[in-house]
Structure formats: C-alpha cells, structure tokens
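First the structure, in the form of structure tokens, and then the observations on it.
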There are 2 protein chains.
Amino acid sequence: MQKNPGQCQFVVAMDSIVGKWKPTILYHLLQGKPLRFNELRRLLPDITQRMLTLYLRELEEEEIVKRVVYPQIPPKVEYSITEYGMSLSPVLEMLHRWGVAHIERKRLKEAENERTKTD
Amino acid sequence: MQKNPGQCQFVVAMDSIVGKWKPTILYHLLQGKPLRFNELRRLLPDITQRMLTLYLRELEEEEIVKRVVYPQIPPKVEYSITEYGMSLSPVLEMLHRWGVAHIERKRLKEAENERTKTD
DNA sequence: TGGTATAGTATGAAAAAAGGTACTGTAAAG
DNA sequence: CTTTACAGTACCTTTTTTCATACTATACCA
C-alpha cells in the first residue's frame, strides 16, 4: 500500500477494523455468542444485506470471523469470532475508551462555549 | 453517524485516525518535533498537497494537531502534535503492534501453504 | 529578468465505498 | 394457496474519497 517502511502497520491493523460497519459487527460478535446472518441484520438495522455479506466475507478471509453453514432448509449460517479475532478485543476496547473520552471532551468544550457566550 | 447506542464510540475514535494518510502523518508528528508543511510532504512522498492540507485541517479541528503560522514571506507554518493528540499515542502503538503481528501471521500461513504444497 | 521556495487553493476527473432494489430456492405456517 | 423466514446474489446508482494539474502571492538569489 505504501513503501514507507516502519509506519504502514497502522494501516494493516486498521484494514481489519475499518469500514463503516466493521466495528459494530465485531462489537456484537465479541460478545462471544455466535450470531446468525439475520440476527446480525437485526442488530445493525441500517446495514444492507449486501454490505453485511461483504464485510462478513472480508472478516472471514482474515480469519477474524468464522462462518459455519448448517445444511438445512431454510438455511442456517452462524458467524462467530475466532480465537485470533479475539486478539482484536483489547485493541477495540482501547479505541472505544478513547472514543468515549473524545466525545466527552467535545461535549465539555461545547458546554464551555455556550457558557462564555451567554455571559 | 449511527444511532445504535454503546457501540459507535469505535467509530468516533477511528474517525480521528482513519484516512489513507492520517496514521502516517500522526506517526511523524508523534516523534515530537514540529514539522513544516513541506517537511511533511517530503516525509510522505506520495501524498498530494491537497490531501495533506485536508488531513491537517481535520486533525487541527479535532485539536489533535496544532497549526502555527509565522507571518513571514515566504510563508512558514509549523504543525505539531497537541498534548491531547499525544493521548492517541498508546492507541496507535497498539494498532501498530497488532498490525505487525497480523503481517507476521500472514507470512507464516503463506509459508506453511507453500511447504505443504511442495510436499 | 528569470527561477526557486513557501503554503497553500481551485477545478475537474477518476476510483473506491456504500447503498437500493429486485431476485433466488426451499420449507413450514396459516 | 399465499406468506414468511432464511441467507444470500445480481445489477445498478449514489456518495465519498482520492488524484492530477494548474494556479496564487511574495521574497530572495543569481
């Protein structure tokens, strides 16, 4: 992707996480319970089937998510986090924490601005 | 961005990091030394002026990067990481480490595949 | 007088990501 | 006999991101 040595690992790590819905998918799967396709759909009400499929395939290819097909009709497919995928857990948690703090900070700033404006 | 409560913080955190060149920009600024616009350009040889400008503006708006204009001619503008921006350091480092491990794992898998193929 | 360096902006084109809608086959429920 | 659930695929459109090129003003250097 880039030739600059020593700094492209951020990018590599992030490719596994980045995508409009990937973090949310991972968040749910990291709860531990395998989820069926339509269960995930219900948990991400605004995602399209297409996008969910695409992201799951990507995550599967990276062995972060495992896909198990039960040969039934109607079909049943379960998605779950792999053990390797679990290694993303602390990373996502850290991002989550930073995100929470970042939002909080923004709120404080805005409140501050309101206060000094009306003074 | 999304209404789903409790999981959008990943997204918030990542917006501060994501973008084709943001991690690399941050990587360089996190070294501590303020850098001029064209110094950054030289460090990211493939970025266009436009993209560098856009990303720096974004990072500035989030107060992760500080922009100092020296009223000189020819112009001089220095970019540096803010104290707040420093709080991203451990997050990026963790992503970096995961990225390194991820690459290594991929390499091993490929080597493994080669080995069993030629057997 | 022309070239170089600085830190950009403007404009339009191309590429990538995401979204929308329709459609598939099968079985069970009503 | 129609509808629903399931787990998708196919095809096309829209949005977002990135790229490429040209252009700005000013001062210094030769």
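Every chain is numbered from 1 and lettered A, B, ... according to where its sequence line falls, protein lines coming before strand lines.
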Identify, with sequence neighbours excluded, every residue that meets side chain to side chain donor-acceptor pair (under 3.5 Å) alongside Gln72(A). none
May I have the list of side-chain donor-acceptor pairs in residues 30-37 of chain B shorter than 3.5 Å, sequence neighbours left out?
from	atom 1	to	atom 2	distance (Å)
Gln31(B)	NE2	Tyr27(B)	O	3.0
Arg36(B)	NH2	Pro75(B)	O	3.3

For nucleotides 3-20 of chain C, 5' to 3', base contacts (B), sugar-phosphate-only contacts (S) and non-contacts (-) with protein non-hydrogen atoms under 4.0 Å give --BBBBB-B------BBB
Partner set under side chain to side chain donor-acceptor pair (under 3.5 Å) for Ser87(A), not counting sequence neighbours: Trp98(B)
Let me know the distance between CD1 of Ile73(B) and P of dT24(D), rounded to the nearest Å. 16 Å
Salt bridge (charged side-chain N to carboxylate O under 4.0 Å, His left out) partners for Arg107(A), two or more places apart: Glu104(A)
dist Ser80(B):OG -> Met86(B):CE (nearest 0.5 Å) comes out at 11.0 Å
The helix from dT1(C)-dA30(D) to dG30(C)-dC1(D): angle between its terminal axes, five pairs each, to 10°? 20°
Tabulate below the donor-acceptor pairs under 3.5 Å that side-chain atoms of residues 51-59 of chain B make, not counting sequence neighbours, or state none.
from	atom 1	to	atom 2	distance (Å)
Thr53(B)	OG1	Gln49(B)	O	2.8
Tyr55(B)	OH	Lys20(B)	N	2.9
Arg57(B)	NH1	Tyr79(B)	OH	3.4
Glu58(B)	OE1	Lys22(B)	NZ	2.8

Provide the full list of salt bridge (Lys or Arg N to Asp or Glu O under 4.0 Å) pairs with a residue in residues 67-93 of chain A, sequence neighbours left out, each pair given once. Glu93(A)-Arg97(A)
Nucleotide dA7(D), atom C1' - distance to CG of Leu44(A) in whole Å: 16 Å
Run the side chain to side chain donor-acceptor pair (under 3.5 Å) test against Lys106(A) and tell me which residues pass, sequence neighbours left out. none
